[in-house]
A.B. asks: 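Below: one structure in structure tokens.
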Amino acid sequence: MYAQSALAIVLLARSATAKVCMNMTVPVDISARTGVFNIAVPQTNLDATTFIQNQTQQGRNFTEFALLDYATTSGRYNISTQFCMPSAGNATNPTIQILTHGIGFDKTYWDLPYDNCNYSYVDVATDAYNYYTLSYDRLGIGNSSHGEPLNEIQSFLEVAALAELTMMLRKSIFPGVTQKFGKITHVGHSFGSAQTYSLVNMYPDISDGIVLTGFSMNGSFVGFFGAGGDFIQANLNQPFRFGKVDTATVLAVLNMFSLTDLVAGVNAAPGLDYPNGYLTNSNINANQYLFFLPGFFNPCILLASEQTKQPVTVGELLTLGSLPAMNAYAGPVLVITGSNDLPYCGGDCLATGDPAIASIPATVAKNFPMVSPSNFTAYIQPNSGHGINFHYNATGAYAVINSFLNSKGLMSI
Ligand SMILES: *[C@@H]1O[C@H](CO)[C@@H](O)[C@H](O)[C@H]1NC(C)=O
Ligand SMILES: *[C@@H]1O[C@H](CO)[C@@H](O)[C@H](O)[C@H]1NC(C)=O
Ligand SMILES: *[C@@H]1O[C@H](CO)[C@@H](O)[C@H](O)[C@H]1NC(C)=O
Ligand SMILES: *[C@@H]1O[C@H](CO)[C@@H](O)[C@H](O)[C@H]1NC(C)=O
Ligand SMILES: *[C@@H]1O[C@H](CO)[C@@H](O)[C@H](O)[C@H]1NC(C)=O
Ligand SMILES: *[C@@H]1O[C@H](CO)[C@@H](O)[C@H](O)[C@H]1NC(C)=O
Ligand SMILES: *[C@@H]1O[C@H](CO)[C@@H](O)[C@H](O)[C@H]1NC(C)=O
Ligand SMILES: *[C@@H]1O[C@H](CO)[C@@H](O)[C@H](O)[C@H]1NC(C)=O
Ligand SMILES: *[C@@H]1O[C@H](CO)[C@@H](O)[C@H](O)[C@H]1NC(C)=O
Ligand SMILES: *[C@@H]1O[C@H](CO)[C@@H](O)[C@H](O)[C@H]1NC(C)=O
């Protein structure tokens with residue numbers, strides 16, 4: 001059973017909206033096959049760049065090159081979650097959406113407080129569509145347990161945590177949640193979509209419907225992401241939030257980086273204390289390049305996203321592309337990707353070079369051979385980069401996602 005001390009249960013009602021949310025730290029006992037990599041954990045910014053140079057070198061698969069063996073990693077980890085319910089709270093056969101964020105963010109990607117929550121996905125899902133939501137910080141990130149960044153915090157261990165959270169909701173043993181859910185759906189962004197894809201392949205009955213945002217199965221452009229991020233050690237980049245503050249670090253940050261990053265989280269206590277091997281994009285310009293389409297976002301939300309960004313481990317970067325080509329899942333699938341997505345479309349989802357292929361995300365249909373054509377939709381969100389939720393028309397995408405789930409008989413009633 002769960003030690004009461006492990007549960008930080010907080011009920012709150014937002015002033016800007018009526019949804020009711022509960023913050024909860026949930027311990028999970030999980031196990032997964034992880035890769036054992038034959039490189040040293042990058043200790044400096046020079047090492048971090050070397051790692052990216054290795055990863056982006058054409059003509060070889062660096063994951064395969066560095067892979068020595070596989071091991072089983074097991075443990076008890078804390079997952080920091082936020083459970084939200086619609087204010088009406090009258091559903092007799094409710095559906096929950098489990099929301100998995102991508103690289104660079106934490107669970108707040110789904111509930112951005114910016115501009116009075118006008119960008120909040122959770123607000124739309126709960127109060128416009130009556131869904132329940134569970135968002136969480138992926139294992140290794142934010143307020144969830146951190147770990148060794150090369151051979152521990154990898155994609156498949158995180159997928160195991162997602163599977164465990166899902167099973168707790170299915171069996172009505174999720175701590176603090178008495179509600180029973182007839183249907184459970186999964187919505188991911190980017191790396192969170194890749195993990196959702198892996199989850200339903202491993203457990204084809206675990207989800208009643210999936211939505212993969214900011215995603216495709218075309219790996220041709222992932223190098224743009226690695227290179228464009230100009231990734232460096234997180235604890236040197238935002239020392240107040242991510243590391244330890246001393247004069248040498250502050251001077252190094254001032255010399256190398258931006259004031260935005262230096263002052264981010266200046267009052268953060270105790271700070272997230274990430275070890276070396278947790279990398280982050282170097283500055284706001286790299287953040288723009290990775291996630292934002294010029295002309296279609298408020299520069300202030302870019303600044304907010306830089307100030308609240310989260311890192312990525314080298315183990316995650318080595319395992320994010322390890323996806324089976326043929327997925328065993330048979331339920332409804334929506335892939336929704338910004339028209340100008342960088343990592344999954346190279347900046348233009350419609351430039352396929354073949355008039356018979358409508359878009360790069362549309363080709364994901366062939367990765368789901370068990371899904372009937374009527375259960376698969378690929379949608380290109382106009383005027384949007386990779387970070388769909390940050391763009392002016394984010395709520396347009398939210399309507400597409402929730403209408404899709406409703407149209408597949410998954411509505412929360
Ligand atoms: C989980 O959180 C509890 C309560 O804060 C703490 O006592 C425990 O050490 C944490 N476990 C891990 C694996 O971080
Ligand atoms: C709950 O977590 C969110 C982040 O997901 C945070 O903004 C909020 O302040 C937390 N609420 C409380 C009462 O701690
Ligand atoms: C980069 O790759 C070389 C081999 O090409 C390897 O010796 C080195 O350990 C790698 N370093 C990092 C940080 O990935
Ligand atoms: C639940 O409440 C909402 C808002 O008051 C209402 O629109 C909806 O019809 C209600 N649903 C049921 C099943 O009573
Ligand atoms: C954002 O929310 C505020 C109130 O919370 C509202 O006045 C404003 O019109 C909203 N802006 C947009 C763009 O929806
Ligand atoms: C993490 O915990 C801190 C301290 O309780 C809180 O201020 C912050 O909002 C939390 N962030 C997330 C993403 O849960
Ligand atoms: C690279 O190698 C890893 C480990 O063998 C494998 O899982 C992954 O699918 C490969 N990636 C590509 C693009 O071939
Ligand atoms: C679509 O998926 C649902 C849920 O798995 C299933 O019940 C339905 O039969 C599927 N539709 C078709 C046409 O296969
Ligand atoms: C990825 O997309 C590009 C541009 O549309 C295309 O040329 C390439 O063939 C695609 N690769 C795969 C593996 O589908
Ligand atoms: C906003 O998004 C919706 C859903 O994709 C779309 O129908 C609409 O045309 C978009 N509006 C603009 C101005 O891009």
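Ligands are counted one by one from 1 in listed order, and the atoms in each one are counted from 1 as well.
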A.B. asks: Checking S80 side chain against T25 main chain: does a donor-acceptor pair fall under 3.5 Å?
C.D. replies: no

A.B. asks: Can you confirm whether some protein heavy atom lies under 4.0 Å from atom 2 (O) of ligand 9, or whether none does?
C.D. replies: yes

A.B. asks: Please list, in number order, the atoms of ligand 9 under 4.0 Å from a heavy atom of T352.
C.D. replies: 5 (O)

A.B. asks: Kindly give the heavy-atom pair with the smallest separation between W110 and S135, and that separation in Å.
C.D. replies: CD1-CB, 4.1 Å

A.B. asks: Donor-acceptor pair, D106 side chain versus G142 backbone, under 3.5 Å?
C.D. replies: no

A.B. asks: Can you tell me which residue and heavy atom of the protein come closest to atom 14 (O) of ligand 3, and the distance to 0.1 Å?
C.D. replies: N54 ND2, 2.7 Å

A.B. asks: Does T363 come within less than 4.0 angstrom of ligand 9, counting non-hydrogen atoms of the residue?
C.D. replies: no

A.B. asks: Using 30° and 60° as the class limits, which term best fits the ring planes of Y398 and Y121: parallel, tilted or perpendicular?
C.D. replies: perpendicular

A.B. asks: Mark up the atoms of ligand 10 that fall under 4.0 Å of a heavy atom belonging to N383, in ascending order.
C.D. replies: 14 (O)

A.B. asks: Would you mind checking which non-hydrogen protein atom is closest to atom 4 (C) of ligand 9, with the distance to 0.1 Å?
C.D. replies: A351 O, 3.5 Å

A.B. asks: State, with a plain yes or no, whether a side-chain heavy atom of F105 is found less than 4.5 Å away from one of F191.
C.D. replies: no

A.B. asks: Please lay out, stage by stage, how Y119 and F390 fare under the test ring-ring contact (aromatic ring centres under 6.0 Å, His included).
C.D. replies: CA-CA 7 Å; Y119 290 82; F390 298 113; 7.9 Å; no

A.B. asks: Of all the atoms in ligand 3, which lie at a distance below 4.0 Å from a heavy atom belonging to I39?
C.D. replies: 9 (O), 14 (O)

A.B. asks: Where do D261 and Q238 come nearest, in terms of heavy atoms and distance?
C.D. replies: OD1-NE2, 2.8 Å

A.B. asks: If we set the cut-off at 4.0 Å for heavy atoms, which region of R60 has an atom near ligand 3: side chain, backbone, both, or neither?
C.D. replies: side chain

A.B. asks: Quick one: which ligand 10 atoms are inside 4.0 Å of a heavy atom on Q381?
C.D. replies: 1 (C), 2 (O), 4 (C), 5 (O)

A.B. asks: Please name the residue in the list F224, F291, F221 that meets the ring-ring contact (aromatic ring centres under 6.0 Å, His included) test with H386.
C.D. replies: F291

A.B. asks: How far is atom 8 (C) of ligand 10 from the closest protein heavy atom, and which atom is that?
C.D. replies: N393 ND2, 3.8 Å

A.B. asks: Check I357 against ligand 9 and report side chain, backbone, both or neither, counting heavy atoms closer than 4.0 Å.
C.D. replies: neither

A.B. asks: Between the side chains of T81 and K107, does any donor sit under 3.5 Å from an acceptor?
C.D. replies: no

A.B. asks: Would you say S220 touches ligand 9, if touching means a heavy atom closer than 4.0 Å?
C.D. replies: yes

A.B. asks: Nearest protein heavy atom to atom 9 (O) of ligand 10, by residue and atom, and its distance?
C.D. replies: P382 CG, 4.4 Å

A.B. asks: Let's go through F65 and F37 carefully: what are the C-alpha distance in whole Å and the side-chain angles of both, what is the deciding distance for ring-ring contact (aromatic ring centres under 6.0 Å, His included) to 0.1 Å, and is it a yes or a no?
C.D. replies: CA-CA 9 Å; F65 177 89; F37 292 106; over 10 Å; no

A.B. asks: Under a plain distance cut-off of 3.5 Å, with no hydrogens placed, do S305 and N287 share a side-chain donor-acceptor pair?
C.D. replies: yes

A.B. asks: At what distance is the nearest protein heavy atom to atom 7 (O) of ligand 10, and which residue and atom is it?
C.D. replies: Y379 OH, 3.9 Å

A.B. asks: Near V400, which atoms of ligand 10 are under 4.0 Å from a heavy atom of that residue?
C.D. replies: 4 (C), 5 (O)

A.B. asks: Which residue owns the protein heavy atom closest to atom 6 (C) of ligand 9, what's the atom, and how far is it?
C.D. replies: N218 ND2, 4.2 Å

A.B. asks: For atom 11 (N) of ligand 3, is there a protein heavy atom at a distance under 4.0 Å?
C.D. replies: yes

A.B. asks: With a cut-off of 4.0 Å, which atoms of ligand 3 are near a heavy atom of F65?
C.D. replies: 4 (C)

